[in-house]
4 protein chains.
Amino acid sequence: MSARGERLSRTQQQARTRQRLLEAAGEVIAEHGLDGATIDDIAARAGYSRGAFYSNFEDKVALLIALSDSRLAAFADVTLPGLLTGTPDEQIAAVARWLAGTEPPLEVLLLVELARQRLQSPERAEELAAAIDRVLVAVEELLTSYDPHGVEVPTEERAAQARATLAAVLGADLLRHLGAGGDARTLELLLAGIDAGVVRGTGSP
Amino acid sequence: MSARGERLSRTQQQARTRQRLLEAAGEVIAEHGLDGATIDDIAARAGYSRGAFYSNFEDKVALLIALSDSRLAAFADVTLPGLLTGTPDEQIAAVARWLAGTEPPLEVLLLVELARQRLQSPERAEELAAAIDRVLVAVEELLTSYDPHGVEVPTEERAAQARATLAAVLGADLLRHLGAGGDARTLELLLAGIDAGVVRGTGSP
Amino acid sequence: MSARGERLSRTQQQARTRQRLLEAAGEVIAEHGLDGATIDDIAARAGYSRGAFYSNFEDKVALLIALSDSRLAAFADVTLPGLLTGTPDEQIAAVARWLAGTEPPLEVLLLVELARQRLQSPERAEELAAAIDRVLVAVEELLTSYDPHGVEVPTEERAAQARATLAAVLGADLLRHLGAGGDARTLELLLAGIDAGVVRGTGSP
Amino acid sequence: MSARGERLSRTQQQARTRQRLLEAAGEVIAEHGLDGATIDDIAARAGYSRGAFYSNFEDKVALLIALSDSRLAAFADVTLPGLLTGTPDEQIAAVARWLAGTEPPLEVLLLVELARQRLQSPERAEELAAAIDRVLVAVEELLTSYDPHGVEVPTEERAAQARATLAAVLGADLLRHLGAGGDARTLELLLAGIDAGVVRGTGSP
DNA sequence: GATGAATGAGCATTCATTCAT
DNA sequence: AATGAATGAATGCTCATTCAT
């Protein structure tokens, strides 16, 4: 009904708006938390009016989910693979570097916010749980398929390793969030056990 | 205007009121998060009116700090020591049992809330940071002085171990909070590395 | 737990607040319609803050229902009986006088608003329907029991007469609301048929 | 820029668009009231975007007036004449049939909405009053010229009869809108008096 | 100390309206 | 003429907090 070029231009425009809103939301939420971040904050930071926000997101919860899908997917797709390259020692160093580089730890914050919202609005719990699951599954799949030692390990054990790794990263990040420091040595200690477990390949020696 | 006996009774009465409010606050915050928990929620759950709340706490932030001091101190003073008794394997089992027993994980929630409030109200950041520190220091002291292997370890390494342990527990608890499971094996993997580090006693093998 | 006088004073205070809010609501709704009337309008007109409104009414719909119960009950209990005294001619004159005296016709407006809200919020339809019913039943009972001619009339016929009378008053009021005039003669024509029917006592001559 | 044939086609197209929007508006307003009906509701129901609405109507009030002119003119031109054919008894039956057939009563709703808007936006009161007047005058003219009994009646008395008839129909329709029933007998009672008045031809016997 | 009516700042959300495409 | 992204005024409602009782 209209030229393709026109449509695409509009579509692209909106995609850019949405992207900017997501970026602004990341910043503002990182600074003030989800409840502390107002729609106006986010929209203004992105250079739009609050109406633009509602043209792109159903409501605040939808934003959180979209942001999670955007940021945490990026974490699972880009950050984590990068961190898991090389020898265990190199990995630890890489994770530590990454931890030190993000301030504040949006990934942990987002996961925590997703969980919080689930408590606060039971009617959207399912939607939020699904968003959490998408992250967890992505991370678990990645870690499960990761094998630096060429040792065959039972699936269930792999899953435990995946969870342990995620817990280690989240825990260290949370500590840093709390201002307690989360340096290389801390992570080394955490990941060393997992790596040892990987080498052993079983839960009980 | 009132008898001496009454005075004492009043004091005790107030202590009981305060205690009940703290307990109710723990429940409600666990269910709805701090922002989702209203003063009315908490007061009603404790069987009082909102006025009773303000007779006992300056405001919501003061409540959070008091609750943190109460709950997290208990965690450091009672729970953690209990968890750290016995051999490393027994410890892991104990921690796993503890993790499984609290639903939802108030300790993590409170730490996260403290950090969140710090972002949301800069004017009270110092107060909140102090509350966080009290917890961290308590845990660190406890863990630092803990030595199941009789091996002498440099202070800095001890601190890293303490942080790692805390990160492991928080991370595992967070995972559980997210519904991802945080079973014994996960923790075993996390704590095994720390224990190994403790045995070795140094950061670099 | 506290002196009776104190409590009563408080209760009375609140009753007065509620009453003033209802009166203000009547005025504002009459002037702007329910949707056009803002909570702030109403509260300010009554000399209170918006919070006072929410201390006394659940929400806007609850206000409408309370106002209806207050005003329309008064209409059924006070106004209508007054109108139905004397001979049919006197009644018509009384009703005409009453019609001319209220500006704008809050009774009709409220009934219409109740019906409108029923359409706009299906989840509260039942509540609103009940409020409408309370009015209709009150009017019907009154009219059904009213008998200026001493003629025995079947119940069903009485009900039809009641409805007809109500329709006449509402219709005439609506016309006046529309600025079409609703003078004594108009009403006389409407009520004459009902009166004739009452005299005849049956639907078919 | 476009062929002549297209121009005509465009004009027809727009007329059809406008017609569809009016029909959709009737449905949506009947269901949700004017304030409850959003432009998007109406446009979507008609199968267009909101932009199409603004290409055809200045704003929401203009739509209401256009809809009134369309629907209520049709009521005055088509429905009412049809209702007023035959003997008084036949008329009553016809009106009752008509009442029972429309659900919900758009005519009453539109008149009420016109009056409501007049209260809510004083700056357009005149425009709205004019729209109301167009309806009232149309109905009054029709009823005034209508004479089933061949009796000469003073103009003023005719006007009163017209108003009474309109009031009867509106009142009965309103009752039905309220769910109170508005059956044939109710209308018969209302219209009987008017008819008697018509026969008598004067206000005072 | 406890109560709860009242306050009022703050915020999410709706929606009529505009305008570039 | 029609589209729909973006605007932003308007408003219902929540809830921490105050204070007279």
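Below, chains carry the letters A, B, ... as their sequence lines are ordered, and counting in each starts from 1. Side-chain atoms are counted along with the backbone in the values below, which use heavy atoms only and exclude waters and symmetry mates.
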* Asked: Which residue, S49(C) or F53(A), contacts DNA chain E at a nucleotide closer to its 5' end, judged by nearest heavy atom?
  -> S49(C)
* Structure fact -> To the nearest 0.5 Å, atom CZ of F53(B) lies from atom CG of L63(B) at 4.5 Å
* Structure fact -> In whole angstroms, the gap separating C1' of dA16(E) from CD of Q117(D) amounts to 12 Å
* Asked: Looking at side-chain heavy atoms only, is the closest gap between I42(B) and K60(B) below 4.5 Å?
  -> no
* **Interatomic spacing from CD in Q117(C) to CG in D35(C) - rounded to 0.5 Å** => 5.5 Å
* To do: Mind listing the closest non-hydrogen atom pair of A52(B) and Y48(B) along with its distance?
  => CB-CB, 3.6 Å
* Asked: Using a cut-off of 4.0 Å on non-hydrogen atoms, how would the nucleic acid contact of N56(C) be classed: base, sugar-phosphate, or nothing?
  -> sugar-phosphate
* Asked: To the nearest angstrom, how far is D35(B) atom CG from dC15(F) atom P?
  -> 10 Å
* Donor-acceptor pair present, R50(A) side chain and dT7(F) base, under 3.5 Å -> no
* **Rounded distance in Å - CG (D59(C)) to P (dT14(F))** => 8 Å
* Structure fact -> Heavy-atom nearest nucleotide on DNA chain F taken for G47(D) and for L34(B); more 5' hit belongs to G47(D)
* **Nucleotide forming a Watson-Crick or wobble pair with dC19(F), both distances under 3.5 Å** => dG4(E)
* Asked: Contact class for D40(A) vs. all strands (heavy atom < 4.0 Å): base, sugar-phosphate, or nothing?
  -> nothing
* Asked: Separation of F57(A) atom CZ from dA6(F) atom P, in whole Å?
  -> 11 Å
* **Side-chain N,O (T17(B)) to OP1/OP2 (dG1(E)) below 4.0 Å** => no
* Is it true that E31(C) and R45(C) make a salt bridge, defined as a side-chain N closer than 4.0 Å to a carboxylate O? -> yes
* S55(C) vs dA5(E): side-chain N/O to OP1/OP2 distance below 4.0 Å -> no
* Asked: Given atom CD1 of I42(A) and atom P of dC11(E), what is their separation to the nearest angstrom?
  -> 12 Å
* Mind checking A15(C) for me? I need base, sugar-phosphate or nothing, with any heavy atom below 4.0 Å counting as a touch. => nothing
* To the nearest Å, give me how far apart CD1 (I39(A)) and P (dT7(F)) are. => 14 Å
* Structure fact -> Residue pair A52(A)/Y54(B) against DNA chain F: nearer the 5' end by closest nucleotide is A52(A)
* Is there a side-chain polar atom (N or O) of Q14(A) under 4.0 Å from OP1 or OP2 of dA5(F)? -> yes
* Does E113(D) pair with R116(C) as a salt bridge, N-O distance under 4.0 Å? -> yes
* dC13(F) C1' sits how many Å from E58(C) CD, rounded? -> 11 Å
* **dA2(E) OP1/OP2 closer than 4.0 Å to side-chain N/O of Y48(B)** => no
* Asked: What is the distance, rounded to the nearest whole Å, between atom CZ of R124(A) and atom P of dT13(E)?
  -> 9 Å
* Which is true for A43(A) with a 4.0 Å heavy-atom rule: it touches a base, it touches only sugar-phosphate, or it touches nothing? -> nothing
* Asked: Taking any strand in view, what nucleotide pairs with dC11(E) in a Watson-Crick or G-U wobble way, both distances under 3.5 Å?
  -> dG12(F)
